[in-house]
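Numbers restart at 1 for each chain; the letters A, B, ... are given by sequence-line order, proteins then strands.
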Amino acid sequence: MPEGHVVHRQAKKIVRTFGGQVVSASSPQGRFDTGARLIDGATLTGGEAFGKHLLVSFDTERFLHVHLGLYGKWTFGKEVAPEPKGLIRLRLESQTAFADLRGPTRCEVITTAERAALVARIGPDPIRKDADPERAWARVKRSRSAIGALLMNQEVFAGVGNIYRAEALYRAGIDPYRCGRDVDRAEFDVMWDDLVELMRDGVRVGRIDTVRDEHSPTAMKRGKRHDRHGGEVYVYRRAGQYCYVCGDEVACSDMMGRNLFWCPTCQAH
DNA sequence: AGCTCATGGCGAG
DNA sequence: TCGCCCTGAGCTG
């Protein structure tokens with residue numbers, strides 16, 4: 001259940017594990033037999049993430065496209081792969097390692113042209129060096145949608161999920177319900193730069209930490225305690241608890257079917 | 001053991 | 001905007 005930073009880590013891990021090697025691909029579950037056959041026996045040449053989309057390349061003109069969705073999961077192992085347990089959509093194997101993919105929302109083999117179309121559709125990803133924030137700004141500045149919704153739109157901000165959405169808005173002091181067109185350029189820049197910093201930090205440490213030391217109740221303690229999602233955050237999943245900065249209660253509401261967490265005092269407008 | 005919810009996205013309507 | 005996809009963790013009992 002990852003946001004973009006996890007997918008970037010997985011892309012690196014796939015390259016580290018299988019890069020330059022011939023891989024066997026199979027679908028123990030059977031649901032991806034046709035796709036697995038298309039890449040079986042090819043040499044894996046690269047892998048990268050565009051937001052939450054993983055694209056793996058081979059020495060053929062085929063690419064593996066994986067989107068984990070809410071349930072998807074990769075499991076890596078160094079030994080010979082064990083007998084499959086449960087539903088494994090895709091298993092990649094080299095002489096010395098294997099990777100199992102379960103429950104992805106999307107797993108397909110695509111052509112160069114299809115890959116280009118996909119990449120063109122995905123918005124700028126703050127983690128990527130080649131991301132163009134102007135594309136996001138162009139959408140935000142003319143949109144009547146709430147900025148909280150725009151941040152979750154992968155055509156606008158790729159890789160941002162429910163945690164980075166909540167935390168970036170909190171750190172910028174912006175009300176999630178404010179219209180995109182009412183966000184000014186300076187505010188957008190602050191938020192974009194913050195996403196770049198937070199998400200790249202997430203790639204580095206494999207966890208989402210957004211609380212500045214001066215606000216952190218645990219920063220002074222040795223052996224930091226982390227929240228259930230694995231890091232320390234201002235508002236995500238903290239509904240009803242006290243805001244670390246103003247002391248008021250963190251709020252939760254439904255925005256387009258997803259839980260939205262924010263502090264009505266720190267993010268009053 | 002069973003229930004609910006979750007760091008997503010898609011397609012129907 | 002809703003239901004579905006289809007998995008696991010964290011609860012409850």
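When distances run from any side-chain atom of A/His67 to the nucleotides B/dC10, B/dG9, B/dA6, the shortest one goes to B/dG9. For A/Asn162, whose side chain is taken as the heavy atoms from C-beta onward, the closest listed nucleotide among C/dT7, B/dT7, C/dT1 is B/dT7. Of the candidates C/dA9, B/dA6, B/dC10, the closest approach to any side-chain atom of A/Asn259 belongs to B/dA6. The side chain of A/Leu87 lies closest to C/dT7, out of C/dT7, B/dA6, B/dG9.
In this structure, A/Lys13 is positioned above the aromatic face of A/Phe76, its NZ or CZ under 6.0 Å from the six-membered ring centre and within 45° of the axis. Figure legend: A/Arg238 and A/Phe261 shown without cation-pi pairing, the cationic atom not lying both under 6.0 angstrom from the six-membered ring centre and within 45 degrees of its axis.
Straight-line distance from the NZ atom of A/Lys85 to the C1' atom of C/dT7: 17 Å, rounded to whole Å. One can place OH of A/Tyr71 at 11 Å from P of B/dT7, the figure rounded to the nearest angstrom. One atom, CE of A/Met255, and another, P of B/dT7, lie 14 Å apart when rounded to the nearest Å. Regarding A/Leu118, its CG atom lies at a distance of 12 Å from the P atom of B/dG9, rounded to whole Å. Counting to the nearest Å, the C1' atom of B/dC5 and the CG atom of A/Leu70 are 9 Å from each other. Whole-Å rounding puts the A/Ile122 CD1 to B/dG8 P distance at 15 Å. Nucleotide B/dT7 holds its C1' atom 14 Å from the CZ atom of A/Arg9, rounded to whole Å. A/Ile127 places its CD1 atom 12 Å from the C1' atom of B/dT7, with the value rounded to the nearest Å.
Sorted by first and then second residue, the salt bridge (charged side-chain N to carboxylate O under 4.0 Å, His left out) pairs with a member in residues 250-269 of chain A form an empty list; sequence neighbours excluded.
The salt bridge (charged side-chain N to carboxylate O under 4.0 Å, His left out) check on A/Asp189 picks up A/Arg185, with sequence neighbours excluded. Residues forming a salt bridge (charged side-chain N to carboxylate O under 4.0 Å, His left out) with A/Glu108 (at least two apart in sequence, or on another chain): A/Arg106. A/Asp184 meets the side chain to side chain donor-acceptor pair (under 3.5 Å) test with no other residue; sequence neighbours excluded. Residues meeting the side chain to side chain contact (heavy atoms under 4.5 Å, CB included) test with A/Arg139, sequence neighbours left out: A/Arg142, A/Asn153, A/Glu155, A/Val156.
Less than 4.0 Å separates DNA chain B from at least one heavy atom of each of the following residues of residues 148-159 of chain A: A/Met152, A/Gln154.
In this model, the phosphate group of C/dT7 is not approached by any side-chain N or O of A/Arg89 to a distance below 4.0 Å at OP1 or OP2. The side chain of A/Arg258 places an N or O atom within less than 4.0 Å of a non-bridging phosphate oxygen (OP1 or OP2) of B/dG8. Using a 4.0 Å cut-off, some side-chain N or O of A/Lys52 falls inside it from OP1 or OP2 of B/dG9. Taking 4.0 angstrom as the limit, A/Tyr236 places a side-chain polar atom (N or O) nearer than this to OP1 or OP2 of B/dT7.
With both ends at atom P, the span from C/dG8 to B/dC10 equals 22 Å, rounded to whole Å. Comparing the C1' positions of B/dT7 and C/dT1 gives an interatomic distance of 22 Å, to the nearest angstrom.
Ion pairing of A/Glu197 with A/Arg212 is absent here, as no side-chain N (NZ or NE/NH1/NH2) approaches a carboxylate O to less than 4.0 Å.
Remark: the A/Thr105 side chain and the B/dG9 base include no donor-acceptor N/O pair separated by less than 3.5 Å.
Nucleotides of DNA chain B nearest to A/His53 and A/His5 differ in position, and the one nearer the 5' end is that of A/His5.
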